[in-house]
Number of protein chains: 2
Amino acid sequence: MSPPEALLILTDDDLLAAHWQGLATAPVRARGLDGLDAWRAAGHRLVLVDLGLARGGTAALWTRPGWQRNVAGLSILAASSQPDDDEGLAVLNAGASGYCHTHAPLDTLRQALDVVASGELWVGRALLSRLLRLVDTRLPRRGLADWAGPLTEREREVAQRAATGDSNQAIGTALGITERTVKAHLKAVFEKLAVTDRLQLALRVHGVR
Amino acid sequence: MSPPEALLILTDDDLLAAHWQGLATAPVRARGLDGLDAWRAAGHRLVLVDLGLARGGTAALWTRPGWQRNVAGLSILAASSQPDDDEGLAVLNAGASGYCHTHAPLDTLRQALDVVASGELWVGRALLSRLLRLVDTRLPRRGLADWAGPLTEREREVAQRAATGDSNQAIGTALGITERTVKAHLKAVFEKLAVTDRLQLALRVHGVR
DNA sequence: ACGCCACCTGTCCTTGTGGACAATACAGTC
DNA sequence: GACTGTATTGTCCACAAGGACAGGTGGCGT
């Protein structure tokens with residue numbers, strides 16, 4: 001379906017490198033983040049990186065100085081020997097296109113690489129399930145569309161800003177009105193939402209009870 | 001890589017059905033949720049469903065009575081003519097294994113079907129980005145155990161109360177100390193957490209931003 | 001035309017808040 | 001014993017916040 005694309009495998013583990021040899025016709029092997037620059041310079045994009053690279057060091061791989069600069073423009077499938085949801089979230093946030101197990105079946109890895117190479121994302125079932133769960137429990141934030149219920153448009157704007165810590169003066173300047181007017185709006189907001197001050201307002205707006 | 005698997009396409013749209021004919025060797029066409037039962041009974045699993053099925057009705061497809069019962073055991077790729085993050089979240093939560101555009105390139109659809117057929121999930125870049133963003137803004141909730149880091153025990157107590165809206169006077173009474181002392185503690189808290197006032201403190205404590 | 005409502009502004013006043021400067025007491029550490 | 005960190009309290013002060021009271025404008029529907 002997709003033309004075989006040049007693959008760079010990035011790992012310090014010789015056994016793992018051998019295992020991954022079967023993934024492509026002629027995968028290139030590198031051991032450090034430096035390899036990424038050369039790979040991009042050569043016009044390639046596809047990379048399979050072993051997160052175990054960081055096991056020896058103190059910092060996680062994707063938090064190292066070189067990472068953010070190096071991943072730009074590349075399609076990266078990150079593999080971990082001990083997949084962990086948090087790690088997965090972190091690497092995806094850091095620009096990786098996929099996250100999987102280092103010793104997943106070669107068929108699975110090939111498919112993942114295909115997907116990543118085509119510009120899409122590869123996320124495991126467990127990780128995505130967790131994402132959905134997190135988002136689900138977060139949905140009660142729908143109260144976020146609820147707190148503004150009885151408020152007018154202007155009151156909403158003022159309340160939103162006050163709830164994030166802006167001073168009345170700052171709000172006024174931002175909206176092009178007087179501080180006095182801001183106070184008037186806030187007074188109305190306090191009444192309608194049955195709170196006494198901006199801190200209670202902030203808690204309400206941000207869904208803290 | 002994966003043996004071509006029998007595909008059921010579920011849509012009311014004849015043009016779309018024609019477009020999707022090229023996805024597999026001999027895709028079976030059905031028009032309603034009833035088709036799912038027969039499909040599973042025949043020992044198949046892979047389904048591509050057009051969410052446009054629901055456009056005519058009032059309820060979204062995946063909220064219909066038959067859905068939850070029918071999707072069990074099937075690998076479903078849901079397609080929408082107007083993909084929308086919320087819709088995507090909803091169908092994935094409802095048991096679908098993937099979400100994509102109805103008129104995505106056939107190559108992409110084939111790849112998505114391959115992925116779904118292999119038991120994995122297919123999620124578009126935009127949707128996953130949104131998921132990550134949602135989760136990201138939520139994760140700092142773990143900072144809840146973190147914000148108190150450099151604070152002393154007493155400062156923590158005071159900060160906790162101030163962050164929920166208590167006045168200095170109230171905090172003092174609650175802890176059996178003078179309002180002045182509360183201010184002293186809060187001053188230290190503000191410095192250590194690098195915030196300027198109790199509202200910013202509240203946002204920090206409750207994991208906002 | 002009248003009333004209702006959103007929006008805007010003014011002055012006066014009380015209170016809470018945050019900061020500056022200073023001091024006492026008590027604990028554990030070197 | 002000197003030192004450091006924590007907890008405590010004091011006074012004085014500048015300022016933002018919130019409430020009370022009193023307006024002005026413009027749109028919109030009956």
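Just so you know, these numbers use all the heavy atoms, side chains as well, and skip hydrogens, waters and symmetry mates. Every chain is numbered from 1, with letters handed out A, B, ... down the list of sequences.
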Open item on the list: If I compare all heavy atoms of B:Leu92 with all of B:Gly98, which pair ends up nearest, and what's the gap?
Closed with: CD2-N, 3.9 Å
What protein N or O atoms touch nucleotides 23-29 of chain D N or O atoms at under 3.5 angstrom, if any, and at what distances?
none

Task: Atom pair CG (B:Leu201) and NZ (B:Lys192), whose distance is rounded to the nearest 0.5 Å - done: 13.0 Å
Open item on the list: For B:Ala184, give me all partners under side chain to side chain contact (heavy atoms under 4.5 Å, CB included), at least two apart in sequence or on another chain.
Closed with: B:Arg180
TODO: Spell out, as yes or no, whether a donor-acceptor pair under 3.5 Å connects the side chain of A:Arg45 to the backbone of A:Ala6.
DONE: no
TODO: Kindly indicate whether the side chain of A:Leu77, heavy atoms from C-beta on, has any atom under 4.5 Å from the side chain of A:Cys100.
DONE: yes
TODO: Using ring-ring contact (aromatic ring centres under 6.0 Å, His included) as the criterion, list what pairs up with B:His101, not counting sequence neighbours.
DONE: none
- [ ] Any chance you could list the contact pattern along nucleotides 24-30 of chain C? Use B for base contacts, S for sugar-phosphate-only contacts and - for none, protein heavy atoms under 4.0 Å, 5' to 3'.
- [x] -------
TODO: Take nucleotides 6-20 of chain C nucleotide by nucleotide from the 5' end and write B, S or -, depending on whether a protein heavy atom sits under 4.0 Å from the base, only from the sugar-phosphate, or from neither.
DONE: SSSBBB-----BBSB
Task: Side chain B:Ser167, main chain B:Ala170, donor-acceptor under 3.5 Å - done: yes
Open item on the list: Which label fits B:Trp39 and B:His44: parallel for a plane angle under 30°, tilted from 30 to 60°, or perpendicular past 60°?
Closed with: tilted
Task: Rounded to 10 degrees, the angle between the two terminal axes of the helix from C:dA1-D:dT30 to C:dC30-D:dG1, each from five pairs - done: 30°
Open item on the list: Within the structure provided, determine whether A:Thr178 and A:Lys183 are in side-chain contact (heavy-atom separation under 4.5 Å).
Closed with: no
Task: Verdict with supporting geometry, A:His206 and B:His206, ring pair (Phe, Tyr, Trp, His ring centres under 6.0 Å) - done: CA-CA 9 Å; A:His206 294 108; B:His206 293 109; 9.5 Å; no
TODO: Evaluate the side-chain proximity of A:His185 to A:Asn168: yes if any heavy-atom separation is below 4.5 Å, no if none is.
DONE: no
Task: Test side chain to side chain contact (heavy atoms under 4.5 Å, CB included) applied to B:Ile177 and B:Arg154, step by step - done: CA-CA 11 Å; B:Ile177 56 180; B:Arg154 207 54 159 167; 3.6 Å; yes
